[in-house]
Amino acid sequence: MVRVLLVKNIVILISGRGSNFEAILRTSREENWEVACGARIAAVVSNRPDALGLQTAQRNGIATHVVDHKAFDSREAFDAELARVVESYQPDVVVLAGFMRILTAGFVSRFEGKLLNIHPAILPLFPGLDTHRRAIEAGCRVHGSTVHFVSQVLDGGAIVGQAIVPVLPSDTPETLAHRGLVYEHMLYPRCVRALVEGKVRLENGRCVADDAVSRELTIFGD
Ligand code: GRF
């Protein structure tokens, strides 16, 4: 009997430095995902040709693509090409890692249940931009990051995991962002692996997981 092992493909979308992509790559190697859960990072796609993360991908032998949003007349045309490139890898998981474009409803519904984003706030607090400054100005004692399924509502999809850090009186948006990023880099790989392994799933607009998995995807940082 011939056993066909189907590799699960992860496609990562970036726009910039790609530190979350790097964290996922590092973890996937340390934990040997190809063997442990049959998954590999198949490609990294950027909407900006100068995204630093592209170089990281190339150095690590991962396929890269640039779909430059400036080359398209409309959001729909850009998303259609982006979807074509992503779809060519038959992805099981599509990871937005610092991808700074708002995706059309068509793109989001095409990859529904497979599409993750990381947002630097404890959602549903502070959707949108400038989250660190807003958390400090609001006098929050905690801040953090959220991995969520992407839905039609900006930063509004079902929550998969959260990492929480304290906000200190001496914090600036920069120091707070830095503190949070350390834990993003723990959180995102865990969430991606959990989705690859089917330990979390999207059901009727909510993220379903058992208690043990849910605990693993809740990180309290310091
Ligand atoms: C992170 O802070 C993430 O929360 C937000 O964009 C930033 C991306 O950083 N979505 P990087 O490109 O992964 O380094």
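Please read these numbers as outputs of a predicted model, since none were measured by experiment. Just the heavy atoms: all of them, side chains too, but no hydrogens, waters or symmetry mates, feed the values below. Whatever order the structure lists them in is the order used to number ligands and atoms, beginning at 1.
Within the structure, the closest approach of Ile118 to ligand 1 falls below 4.0 Å when heavy atoms are considered.
A salt bridge is defined here as a Lys NZ or Arg NE, NH1 or NH2 lying under 4.0 Å from an Asp or Glu carboxylate O, and Arg84 with Glu87 fails to meet this definition. In this structure, Lys199 does not pair ionically with Asp210, as no charged nitrogen and carboxylate oxygen lie closer than 4.0 Å.
Comparing Pro120, Gly16, Gly144, Gly18 against atom 12 (O) of ligand 1, the shortest heavy-atom distance belongs to Gly18. Between Asn20, Thr146, Asp155, it is Asn20 that holds the heavy atom closest to atom 13 (O) of ligand 1. Residue Glu184 holds the heavy atom nearest to atom 4 (O) of ligand 1 of all those in Glu22, Glu184, His132.
Ring centroids of His148 and His119 are separated by 6.0 Å or more, keeping the two rings apart.
Using a 4.5 Å heavy-atom threshold, the side chains of Pro91 and Val86 count as touching.
With sequence neighbours left out, the side-chain hydrogen bond (donor to acceptor under 3.5 Å, both in side chains) criterion links Glu30 to no other residue. Looking at residues two or more places apart in sequence or on another chain, you find a side-chain hydrogen bond (donor to acceptor under 3.5 Å, both in side chains) between Arg193 and Glu31, Glu197.
Where the criterion is an N or O separation shorter than 3.5 Å, residue side chain and backbone included, Ser19 meets it with respect to ligand 1. Checking only distances, Asn117 never comes within under 3.5 Å of ligand 1, N or O to N or O.
With respect to atom 9 (O) of ligand 1, the closest heavy atom belonging to the protein is Arg17 NH2, 3.3 Å. Here the protein heavy atom with the shortest distance to atom 8 (C) of ligand 1 is Gly98 CA, 3.5 Å.
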